[in-house]
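A short write-up of the structure that comes next.
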Amino acid sequence: MELHKLLRFLQPYMTFKGENPEITAIVNDNRKVTPGSLFVCIEGYTVDGHDFAASAAKKGAAAVIAQRELDLDIPVIVVKNTKRAMAVLADAFYGQPSKQLHLIGITGTNGKTTTSHLIEKILADAGRKTGLIGTMYTKIADETFEVKNTTPESLTLQSTFRKMADAGVDSAVMEVSSHALDEGRIHGCDFNIAVFTNLTQDHLDYHKTMDEYRRAKGLLFAQLGSSYNHEEPKYAILNSDDPASAEYEKSTAAHVISYGIDQEADLRAINIQMTSGGTEFDLISPFGKHKVSLKMIGKFSIYNVLASIGAGIASGISISQIIKSAEEVKGVAGRFETVDAGQDFSVIVDYSHTPDSLKNALETVKQFALKRIFTIVGCGGDRDRSKRPLMAEIACQYSTDPIFTSDNPRSEDPIQILRDMEEGVKGESYKTIADRKEAIHYAVKNASKGDVILIAGKGHETYQQVGNQVFDFDDRLVAKEAIEER
Ligand SMILES: CC(=O)N[C@H]1[C@@H](OP(=O)(O)OP(=O)(O)OC[C@H]2O[C@@H](n3ccc(=O)[nH]c3=O)[C@H](O)[C@@H]2O)O[C@H](CO)[C@@H](O)[C@@H]1O[C@H](C)C(=O)N[C@@H](C)C(=O)N[C@H](CCC(=O)O)C(=O)O
Ligand SMILES: Nc1ncnc2c1ncn2[C@@H]1O[C@H](COP(=O)(O)OP(=O)(O)OP(=O)(O)O)[C@@H](O)[C@H]1O
Ligand SMILES: N[C@H](CCC[C@H](N)C(=O)O)C(=O)O
Ligand SMILES: [Mg+2]
């Protein structure tokens, strides 16, 4: 695409003179520049992309988008906010690919990954060709790709949509993090459905206050747009048991499908029974009453399933077909995943890394633990510090044997993270074993028949980041080894 044509998407009221090179790619990393690229300078959290513009030009970049004048012999287009410009340019350059997809975005503190997998299965079972973007991977039809972020920046996002559309994908499900909403990574995404799971404390290092965090999540619903296309209606799927939903309902013009357990809702679960093999409930919906029998356990799983049923209905799939798909799901990797190596006690690996998810996981464990509950828990470094004492307090409150350990300490001192956690202990006894492997081995060695070990925080992760080093580490494999050594 010619530079001038591309720039008109950015500044529609302007006409452009001067050099008009053909733009062959848009990149924001000088290491990825190929001749003809348009280089976008991003002021990052660690470095400033403007410092790499000269190198980009040397590698053959045809033009640069920047937030200030740069002394280069290629065109430099100065804009107020390059992240914002990058979203517009990416959407235009890739031919507005999200418009070719039935796009579902999921936001909320907990349950995004689980709910996105549920929705993907419902869509795939209904014959749709699906794509998925989230914490664990990006999936385009049957191929998966590694990811760095839950929601990638706009350039990666739009190029992923392009690849999806080109591969014949018709429906895409994506997790939308509050960081992504706040930074505008999803500007340009034409969502058909926006799903809200819940809002509880996390990421206050970034958003500072719960009000700001709630506002960021609300952008997904406000950005669904205000016009009505009755051929293809837009929907907001909202959790009526979460107080934030009332605000999101106000901020969206889209049709609302509410779901819940405790409050009135369009989709409501009643007569909930936890069984040894799963969870049963009656679904009350505009289509009547249906029995649902899940293989997953925990009240939180019912919420995820209700949200997915809402997205399925909004996608035009029949209620009976949706229920059939949901009933088949055993779970999602690293989410309440059991480790079974023939032992007579339970070992559960769960991705609970927030106070609310830890509490939910432990409330679920309490339903079937016969004797002791060992909770192995740590908190990530370079992340919300205020959740540390809260998570420690919950671990102590709900377990007989809380064990504080390391999660991903990143650049922080692991011992200081443990000290921050200990501030939440209100006189209960606990153990501190900084080495995560040692902590898992200790619990496995000391567990007996009927006990439960919950290994929280890292779920599907197959690494541990200490300082700048990333080691192989998988809670599931470490637990298995420990059981086999017993
Ligand atoms: C704090 C944060 O959000 N950081 C994100 C940010 O990184 P950054 O600002 O450090 O980038 P940077 O390294 O300073 O680089 C700035 C610019 O210079 C360029 N550069 C850099 C080096 C170089 O040699 N050449 C070069 O051109 C880079 O390409 C970039 O354009 O931009 C990167 C590229 O988009 C992101 O991968 C990175 O996410 C990091 C990994 C991260 O941990 N983010 C977290 C906070 C996050 O966003 N989390 C949410 C999920 C939360 C949840 O679900 O619970 C998420 O959506 O992932
Ligand atoms: N609806 C829910 N409500 C509360 N807790 C939940 C819910 N669903 C899952 N959880 C808990 O939260 C953990 C993380 O779940 P999941 O990975 O689906 O969430 P997420 O929102 O994608 O998290 P992340 O922000 O880290 O990507 C699970 O391991 C479980 O303990
Ligand atoms: N998306 C979350 C994941 C946290 C997972 C936990 N294991 C950690 O490293 O803190 C975050 O980036 O805050
Ligand atoms: Mg996730």
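Whatever order the structure lists them in is the order used to number ligands and atoms, beginning at 1. FYI, side chains are in, hydrogens and waters are out, and symmetry mates aren't considered; it's all heavy atoms of this structure.
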> Does the side chain of H460 pick up a donor-acceptor pair with the side chain of R476 at under 3.5 Å?
Replying inline: no
>> Under 3.5 Å, is there a donor on one side chain and an acceptor on the other for N239 and N198?
In response: no
>> Under a 4.0 Å threshold between the charged nitrogen and the carboxylate oxygen, would E363 count as salt-bridged to K299?
In response: no
>> At less than 4.0 angstrom from any non-hydrogen atom of E461, what atoms of ligand 3 do you find?
In response: 5 (C), 6 (C), 7 (N)
> Under 4.0 Å from ligand 2, counting heavy atoms only, is it the side chain of D356, its backbone, both or neither?
Replying inline: side chain
> Which atoms from ligand 3 have a heavy atom of H203 less than 4.0 Å away?
Replying inline: 13 (O)
> Between D474 and T462, does any side-chain donor sit less than 3.5 Å from a side-chain acceptor?
Replying inline: no
> Counting heavy atoms only, which of D350, N110, T364 comes nearest to atom 30 (C) of ligand 2?
Replying inline: D350
> Please state which protein non-hydrogen atom is closest to atom 9 (C) of ligand 2 and give its distance, to 0.1 Å?
Replying inline: F300 CD1, 3.6 Å
> Atoms of ligand 3 less than 4.0 Å from N408 heavy atoms?
Replying inline: 7 (N), 8 (C), 9 (O)
> With a cut-off of 4.0 Å, which atoms of ligand 3 are near a heavy atom of G457?
Replying inline: 5 (C), 6 (C), 7 (N)
> Which atoms of ligand 3 are found less than 4.0 Å from any heavy atom of Y351?
Replying inline: 3 (C), 4 (C), 5 (C)
> Is D211 salt-bridged to R215, going by a charged N under 4.0 Å from an acidic O?
Replying inline: no
>> Counting non-hydrogen protein atoms only, what is the nearest one to atom 18 (O) of ligand 2? Give residue, atom name and distance.
In response: T114 OG1, 2.5 Å
> Identify the closest protein heavy atom to atom 12 (O) of ligand 2: which residue and atom is it, and at what distance?
Replying inline: S357 CB, 3.2 Å
>> With heavy-atom distances below 4.0 Å as the criterion, list the atoms of ligand 2 near E175.
In response: 22 (O), 27 (O)
>> Can you see whether K217 engages T107 through a side-chain donor-acceptor pair at a distance of less than 3.5 angstrom?
In response: yes
> What residue and atom, counting heavy atoms only, is the protein's closest point to atom 13 (O) of ligand 3, and at what distance?
Replying inline: R383 NE, 2.9 Å
> Counting from 1, what ligand 2 atoms have a heavy atom of T109 closer than 4.0 Å?
Replying inline: 21 (O), 25 (O)
> Within the stated cut-off of 2.8 Å, is an N/O/S atom of T135 closer than that to the Mg ion (ligand 4)?
Replying inline: yes
> Do E280 and K291 meet the salt-bridge criterion of a basic N to acidic O distance under 4.0 Å?
Replying inline: no
> Backbone, side chain, both or neither: what part of N360 comes under 4.0 angstrom of ligand 2, heavy atoms only?
Replying inline: side chain
>> Evaluate H117 against Y137 for ring pair (Phe, Tyr, Trp, His ring centres under 6.0 Å), listing each step before the verdict.
In response: CA-CA 11 Å; H117 279 78; Y137 39 69; 5.6 Å; yes
> So, is G111 polar-close to ligand 2, with some N/O to N/O distance under 3.5 Å?
Replying inline: yes
> Mind checking whether Y248 and F221 have parallel, tilted or perpendicular rings, split at 30° and 60°?
Replying inline: parallel
>> Do S411 and D382 pair up side chain to side chain, a donor and an acceptor below 3.5 Å, judged on atom types alone?
In response: yes
>> Donor-acceptor check, side chain of D91 to backbone of A87, threshold 3.5 angstrom: yes or no?
In response: no
> Is atom CD of Q367 surrounded by more than 12 heavy atoms (other residues, nucleotides or ligands) closer than 6.0 Å?
Replying inline: yes
> Nearest protein heavy-atom contact for atom 13 (C) of ligand 2: which residue, which atom, what distance?
Replying inline: Y351 O, 3.5 Å
> Looking only at protein heavy atoms, which one is nearest to atom 8 (N) of ligand 2, and how far off is it?
Replying inline: N304 ND2, 2.9 Å
> Any non-hydrogen atom of Q465 lying under 4.0 Å from ligand 3?
Replying inline: no
>> At less than 4.0 angstrom from any non-hydrogen atom of N198, what atoms of ligand 2 do you find?
In response: 1 (N), 2 (C), 3 (N), 4 (C)
> Considering the options T252, N192, D190, which one meets the side chain to side chain donor-acceptor pair (under 3.5 Å) requirement together with K234?
Replying inline: D190
>> Any nitrogen or oxygen of R410 lying under 3.5 Å from a nitrogen or oxygen in ligand 3? Just yes or no.
In response: yes
>> Please check: side-chain N/O of S245 versus main-chain N/O of D241, any donor-acceptor pairing under 3.5 Å?
In response: no
> What atom name does the N, O or S atom of E175 nearest to the Mg ion (ligand 4) carry?
Replying inline: OE1
> Checking side-chain contact (heavy atoms from CB on, under 4.5 Å) for the pair T151/M174: CA distance, chi angles, key distance, verdict?
Replying inline: CA-CA 8 Å; T151 313; M174 67 179 281; 3.7 Å; yes
>> Within ligand 2, which atoms have a heavy atom of T135 less than 4.0 Å away?
In response: 27 (O)
>> Using a 3.5 Å distance criterion without hydrogens, assess whether the side chain of K112 forms a donor-acceptor pair with backbone atoms of G108.
In response: yes
> What is the closest protein heavy atom to atom 10 (O) of ligand 3, and at what distance does it sit?
Replying inline: G380 CA, 3.4 Å
> Does L358 approach ligand 2 within less than 4.0 angstrom via side chain, backbone, both or neither, non-hydrogen atoms only?
Replying inline: neither
> Considering only the protein, which heavy-atom contact is closest to atom 8 (C) of ligand 3, and what is its distance?
Replying inline: D407 OD1, 3.3 Å
> Is there a heavy atom of T197 sitting under 4.0 angstrom from any atom of ligand 2?
Replying inline: no
>> Using a distance threshold of 2.8 Å, state whether an N, O or S atom of S116 lies below it from the Mg ion (ligand 4).
In response: no
>> Take a 6.0 Å sphere around CZ of R214 and say whether it holds more than 12 heavy atoms from other residues, nucleotides or ligands.
In response: yes
> Measuring from the heavy atoms of T115, does anything fall under 4.0 Å of ligand 2?
Replying inline: no
> Which heavy atom of the protein is the closest neighbour of atom 25 (O) of ligand 2, given with residue, atom name and distance?
Replying inline: K112 NZ, 2.8 Å
>> When you compare the side chains of T113 and E175, does any donor N or O come within less than 3.5 Å of an acceptor on the partner?
In response: yes
> Which ligand 2 atoms are under 4.0 Å away from a heavy-atom of S352?
Replying inline: 29 (O), 31 (O)
> For ligand 2, which atoms sit closer than 4.0 Å to a heavy atom of H353?
Replying inline: 24 (P), 26 (O)
>> Starting from atom 2 (C) of ligand 3, what is the nearest protein heavy atom, named by residue and atom, and what distance separates them?
In response: H353 CE1, 3.8 Å
>> Below 30° counts as parallel, above 60° as perpendicular, anything between as tilted: where do the rings of Y303 and Y259 land?
In response: perpendicular
